[in-house]
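Have a look at the structure below before the remarks.
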Amino acid sequence: MEPKRNSAVPPFMDQLLEWFCSHDHIEEFRGDLEELSEYRTERHGRSFGKLILWIDALSLFRVRFRKKRLSNRQIYPFAMLKNYLFVALRNVKRHAAFSLLNILGLSVSMAVGLILILFVQQAGTQDEFHENADRLVRVYSDFKASFNRYNALYGTTPANLAEIMAAEVPGIEKTAKMRRGFRGTLVFEGNGLALNGFWADPAFLELFSFDLAAGDKASALVNPGSLILTPAEAEKFFGKEDPIGKVMSVENGREYTVTGVLARNDYETIFPLSAIASYSTLESDSVEVAALESWTESIYRSFTFALLEKGAELPDIQNRVSRLIPVHFPERDNNNLVDLRVQPITEISLGTVMGNEIGATIPGVMAWFLASLALMILMTASFNYVGLTVSRSLKRAKEVGVRKVFGAAKSHILSQFIVETVVVSIISVMIAVLFLQWMVPAFNGFAMVIESGLRLNIDYTSVNFYAVTAGFALITALIAGIYPALFLSRFQPAEAVKGATDLSRSGGSKLRKTLVVVQFSMSLIFLVITVTMMRQASFLQEVDYGIKTERLINVRLFDVPYARFRDQLAGNSAIEAVSGISLIPAMGSRSDVWVSTPGMTEEEMVRGFQFSIDEHLVDNFGLTLLSGRNLSAEMDFETSRKVLVNEFLLQSLQLGLPEEAIGQTFIMGDSTVVEIAGVLKNFQSDDLSEAIAPNIFIYDLQSIRWANVRIPVGQESGGAEAITAAWKAIGYARQVEFESFEAQLQNSFILGILRDMYRLIGFIAVLTVIIACLGLVGIASFNVERRTKEISIRKVLGADISSILRLLSKEFLVLIGIATVISLPVAYFIANMWLQTFAYRIDLGIGMMLFGLGSVLLIALVTIGSQSLWAAMANPIDNLHNE
Amino acid sequence: MEPLGNLEELVLLSVCALSDDAYGVTVHRLLTEETGRQLTIGAVHTTLYRLQDKGFLSSQMGGATNERGGRRKRVFTATGAGLEILRESRSIRERFWGAIPKLDRIPSLDTLTFA
């Protein structure tokens with residue numbers, strides 16, 4: 001039967017023949033080819049003869065000689081499938097504990113994977129619902145602003161681009177324009193609501209498929225002062241009443257008449273869904289018109305959209321639009337429009353990151369990161385399944401043997417085990433969907449997700465959800481099922497039925513060891529990273545910002561003038577001091593300004609942060625004046641051009657020591673010459689991922705947006721009441737918003753993100769550790785089972801429990817050792833790279849590595865020990881007497 | 001009785017000529033050497049099995065030998081029907097030959113008459 005290895009027939013040809021030809025012919029054909037090869041070599045020479053022999057071999061591949069491979073299944077396909085299903089379910093039930101390990105591991109990972117994939121999918125399909133989504137484009141700018149050193153991408157364009165494109169670019173059916181920044185507080189009969197809307201022209205509603213539940217789509221945005229509300233906003237202001245025709249006002253602004261209500265609150269779109277005002281409102285306002293006229297002014301807030309004609313090619317349109325620049329947008333005062341780019345509307349989400357984006361998006365890189373994270377989690381769970389199934393293969397070997405004896409082909413066994421995995425993975429995915437109920441809200445609570453502006457919104461009735469879920473189950477089943485199925489179907493019936501133990505020494509053993517190493521490496525990496533993140537987060541919470549934050553309460557002023565609020569608080573005994581500032585420092589938001597000294601080139605300019613303050617801020621924040629004097633009411637920036645700076649600015653601009661700097665001048669922005677009135681000690685003005693930067697403080701009450709109120713010791717509640725009372729006395733429509741500075745710092749964006757990250761990574765770490773341990777339980781119990789007799793004999797011969805435990809754990813300790821050697825450098829590298837993104841960071845000590853290693857070792861030892869101990873303690877007679 | 005194709009007739013003749021040792025390779029070799037045609041082994045095998053289906057050949061597995069990697073071969077022998085159809089085919093041809101006296105004198109026509 002076995003072919004001799006000195007055969008003249010190439011082994012590959014042999015395999016091909018074996019695979020194709022029916023057993024009636026195979027032997028005869030093989031012999032013929034063997035014989036023929038001599039003849040071919042003789043007649044045609046060595047290499048050419050070989051070629052002819054291949055032609056001979058292929059000529060045997062005829063329908064007539066084909067293996068009748070489908071016959072069994074074709075007769076009773078459903079009967080066999082029924083049997084596979086029955087056996088699969090019986091196995092799940094019979095080995096309940098084992099199945100539970102498998103299913104739990106799979107379902108938790110699947111739930112995490114599903115969330116990530118659905119989130120990415122949801123982000124990727126934004127704005128695809130528009131009727132003409134395939135022809136809708138947005139134009140964005142590659143722009144170098146005068147205050148910027150380099151050109152950057154902006155989602156915005158000059159305001160008049162829409163008209164120019166409509167008139168001059170062939171291939172465009174219609175254009176629409178939009179302007180962001182419709183902010184403020186919308187008021188109706190004393191009720192107020194924060195606005196985050198935009199202005200749009202009538203064409204906007206024609207291009208995009210935002211339907212109106214009330215109002216006329218064609219005329220809703222025509223007249224100046226028209227306003228479209230979202231259903232939620234309309235409900236809040238008017239309840240059941242008809243909102244159309246109601247007149248609302250924007251605090252400190254003009255009046256608007258409601259002309260429409262959107263049909264839905266939850267369009268999957270990048271546009272921030274809040275009130276939309278008519279673009280003509282802007283055009284009827286002389287101040288706004290001035291801002292719209294110059295392209296260098298309007299480029300920061302105006303958006304341009306276009307509907308292409310059917311059949312228009314994007315590259316052609318792109319060329320034509322680029323050619324508009326020299327004609328309409330020539331370089332002016334160092335403002336240089338490098339390019340205008342045309343982009344399909346559906347590619348904004350998950351696309352290139354740019355400034356002044358329409359709404360919040362997640363960048364494409366992030367999507368890849370999330371998707372690969374999902375895949376990684378799924379792989380871990382699948383590895384676990386593979387490990388557990390293969391380690392139990394001996395138990396199934398007899399079944400395989402019997403099936404084969406009764407005529408099952410390898411392919412039948414293969415499909416049986418694939419069906420089994422599919423069953424397990426379907427059960428798992430159903431449990432995963434149950435988990436989603438709890439996990440989706442948690443996911444939506446992540447600062448990262450909130451910041452992205454997206455909410456994971458799972459429609460449990462959509463076909464898409466079930467398609468993704470089913471796809472997930474099948475892919476998992478394939479990843480997890482294919483190896484065990486191949487492994488089990490390879491068993492030779494005779495050996496399998498005899499229960500020959502050398503099966504365990506074959507391929508499966510090496511694979512199991514590899515899996516243990518991979519799983520523990522991943523666990524260790526995730527653990528070390530989690531611990532690093534947690535320590536970094538708690539470190540950041542302790543950082544000294546250089547500001548006296550205790551008992552300081554920051555009140556958001558919205559558009560209330562600072563002086564009005566300060567005067568309301570004056571004289572109240574529950575207030576110690578009040579100051580005002582344009583931006584709360586150390587929270588991550590900043591107002592950039594480029595500073596320089598005369599003679600500096602553009603490249604040498606330094607980026608600094610500018611704060612507008614009043615005369616009390618320096619004292620109230622506890623900042624130290626190193627030299628010069630504080631700003632005062634007489635030093636209004638517009639007239640005096642006097643500023644306070646920090647030490648760091650002196651260093652950056654080489655203005656010498658604090659004492660020498662007083663009275664010196666430098667340049668802010670393009671040409672504003674300012675004089676240094678005083679120098680402050682450095683404090684942390686940006687969030688903690690950034691180092692201290694140059695700071696400039698100017699006296700400008702108009703720009704103040706926050707009041708800082710210091711409460712006397714022991715008056716906390718009185719202070720809060722005083723603030724609320726003062727706010728009410730002003731008669732502003734919005735609710736008062738305040739928070740203690742300390743709480744703000746704790747909840748700052750960077751710390752929020754950090755906490756999210758270590759929660760997420762920590763969750764994954766726990767998941768991988770649990771899954772790795774599940775795998776270990778399976779393998780250890782298998783090992784113990786296989787060596788029961790050996791252990792019993794050793795005990796009879798005098799081995800004690802500890803020596804047996806050592807014997808059983810030795811192999812695993814070696815594996816975990818290997819995992820450590822592989823993963824610790826990787827973990828160190830990743831954790832260190834991550835830490836480098838923080839200006840304030842902990843040292844990555846050996847302690848964290850040891851902690852990770854220690855916990856993994858402990859968990860592993862407990863796992864193995866629990867499996868081995870009963871074997872070590874069992875009475876040897878019980879295991880030997882049945883021989 | 002089903003008619004014989006050209007290749008079928010040649011293969012059937014080869015089997016008869018090889019008497020006890022007619023199997024894929026010998027038939028293939030005889031055919032290529034005698035006709036000079038390039039044949040693949042697959043073509044020979046399909047023809048052999050077709051002839052068997054038509055009832056002109058029968059076959060059984062032979063014993064293993066030291067050649068061909070110790071594999072057994074399937075040896076074909078002509079059945080009565082096979083011999084009958086060959087004879088019939090030959091007599092048809094000979095009647096034609098009789099009708100063409102000039103061609104009879106042209107030498108070396110052995111490709112068709114060695115059987």
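Protein chains get the first letters and strands the later ones, always in sequence-line order, with residue 1 at the start of each.
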Step-by-step side chain to side chain contact (heavy atoms under 4.5 Å, CB included) determination, Arg71(B) to Glu34(A):
CA-CA 9 Å; Arg71(B) 293 199 177 79; Glu34(A) 194 83 35; 3.5 Å; yes
Ranked by heavy-atom pairs below 4.5 Å to chain A, first place among His28(B), Met61(B), Arg29(B) goes to Arg29(B)
With chain A, which of Lys73(B), Arg50(B), Gln38(B), Arg72(B) has the greatest number of heavy-atom pairs at distances under 4.5 Å?
Arg72(B)
What part of Phe29(A) gets within 4.5 angstrom of chain B, counting heavy atoms only: side chain, backbone, both, or neither?
side chain
Counting only heavy atoms closer than 4.5 Å, note whether Tyr23(B) contacts chain A via side chain, backbone, both or neither.
side chain
Using the six-membered ring wherever Trp is involved, compare the ring planes of Phe48(A) and His44(A) and label them parallel, tilted or perpendicular (cut-offs 30° and 60°).
perpendicular
Among Thr32(B), Leu10(B), Val27(B), Val11(B), find the one that has a side chain to side chain contact (heavy atoms under 4.5 Å, CB included) with Leu39(B).
Thr32(B)
Does CZ belonging to Phe61(A) count more than 12 external heavy atoms closer than 6.0 Å?
yes
